[in-house]
Amino acid sequence: MLRPQDLLLALRIAAHGPDTLETLGVALGLSTSEVGNAVQRLTAARLLQARPRTVIRPALKDFAIYGAPYVFPAERGKRARGMPTATSAPPLSELFTSSPEVLVWPTATGSVRGESLTPLYKTAPSAAEEDPKLYRLLVLFDAIRSGTARVREVASKLLAQELAK
């Protein structure tokens, strides 16, 4: 059974390639044992190749676009200060300039007020602050799980391009 931190880890590996369990843990705010368990679950789900530790990109793309939004649905909440996501953050904010709603991951250091969207995993905002590539992938994933049909279509195409790199 996959957990949200597993997809976060898979997206981090997709963005940067293989790394040590310790380095991945520090980057994502996870313990080394959590990373090890996530690697085992991702390998069992055939989303990750164990040696070398690389994502199976076609499988991850399909899961992130077609499966994960149902497994890890978006949960909207109250207005809050936070970090922009979905159509409120690049690259989608450049394409959907007329979107009236601002979606944010609630964070104490956030610079924008908007409707809160629960992040994929609790450490995702802090990991994304330090990692623009991961932030971009998470923004696209949030748009897929929270957007309209048009937004989901555009975000899916962009995520597929990112994961093909």
Side-chain angles (χ1 to χ4, degrees), residues 1-16 24 27-30 34 38 41-42 45-48 55-165:
M1 178 74 103
L2 288 177
R3 296 181 178 173
Q5 64 265 37
D6 302 348
L7 182 56
L8 179 63
L9 176 66
L11 292 173
R12 169 60 168 72
I13 294 171
H16 297 288
L24 291 167
L28 299 175
L30 302 171
E34 284 178 303
R41 289 187 295 268
L42 287 165
R46 295 187 306 254
L47 296 173
L48 186 74
V55 294
I56 301 170
R57 290 180 181 274
L60 179 59
K61 173 191 69 91
D62 287 347
F63 179 68
I65 293 172
Y66 303 111
Y70 296 99
V71 177
F72 311 119
E75 295 178 24
R76 293 177 184 233
K78 300 176 186 175
R79 290 189 55 79
R81 181 170 301 284
M83 186 174 180
T85 189
T87 55
S88 303
L92 296 173
S93 61
E94 300 155 4
L95 301 173
F96 296 96
T97 56
S98 63
S99 180
E101 70 180 8
V102 175
L103 292 173
V104 299
W105 295 321
T107 62
T109 60
S111 60
V112 177
R113 284 195 62 78
E115 182 179 4
S116 65
L117 185 72
T118 303
L120 173 63
Y121 188 68
K122 62 186 176 186
T123 62
S126 58
E129 275 185 317
E130 302 297 321
D131 186 341
K133 288 181 180 180
L134 179 61
Y135 183 33
R136 183 179 177 92
L137 294 176
L138 290 169
V139 162
L140 294 171
F141 177 66
D142 274 353
I144 292 168
R145 67 188 189 128
S146 68
T148 63
R150 182 169 170 258
V151 168
R152 288 192 313 267
E153 180 183 347
V154 171
S156 295
K157 286 179 184 175
L158 291 173
L159 185 62
Q161 289 171 0
E162 291 290 326
L163 293 177
K165 294 179 182 178

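As the structure is a prediction and not an experimental result, all values here were calculated from the model.
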What heavy-atom pair brings [X] and [Y] nearest, and what distance separates the two atoms?
X      : Y     : value
Val104 : Ala80 : CG2-O, 3.6 Å
Arg46  : Ile56 : O-CD1, 3.6 Å
Lys133 : Ala15 : CD-O, 3.6 Å
Val139 : Ala86 : CG1-O, 3.3 Å

- Can you tell me if Asp62 uses its side chain to pair, donor with acceptor, with the backbone of Ala59 under 3.5 Å? no

Which distance, rounded to the nearest 0.5 Å, do you find between the [atom1] of [X] and the [atom2] of [Y]?
X      : Y      : atom1 : atom2 : value
Leu159 : Arg136 : CG    : CZ    : 10.0 Å
Leu134 : Ile13  : CG    : CD1   : 11.0 Å
Ile144 : Tyr66  : CD1   : OH    : 9.0 Å

- Message: Applying salt bridge (Lys or Arg N to Asp or Glu O under 4.0 Å), can you list everything that pairs with Glu130, at least two apart in sequence or on another chain?
- Response: none

- Task: Sequence neighbours left out, what passes salt bridge (Lys or Arg N to Asp or Glu O under 4.0 Å) with Arg57? Give chain and number order.
- Result: none

- Task: Using the side-chain hydrogen bond (donor to acceptor under 3.5 Å, both in side chains) rule, take Thr107 and Glu129 through it: C-alpha gap first, then chi angles, then the decisive distance, then the call.
- Result: CA-CA 11 Å; Thr107 62; Glu129 275 185 317; 5.3 Å; no

- Looking at Leu7, Asp131, Thr85, Leu8, which hits side chain to side chain contact (heavy atoms under 4.5 Å, CB included) with Leu138? Leu8

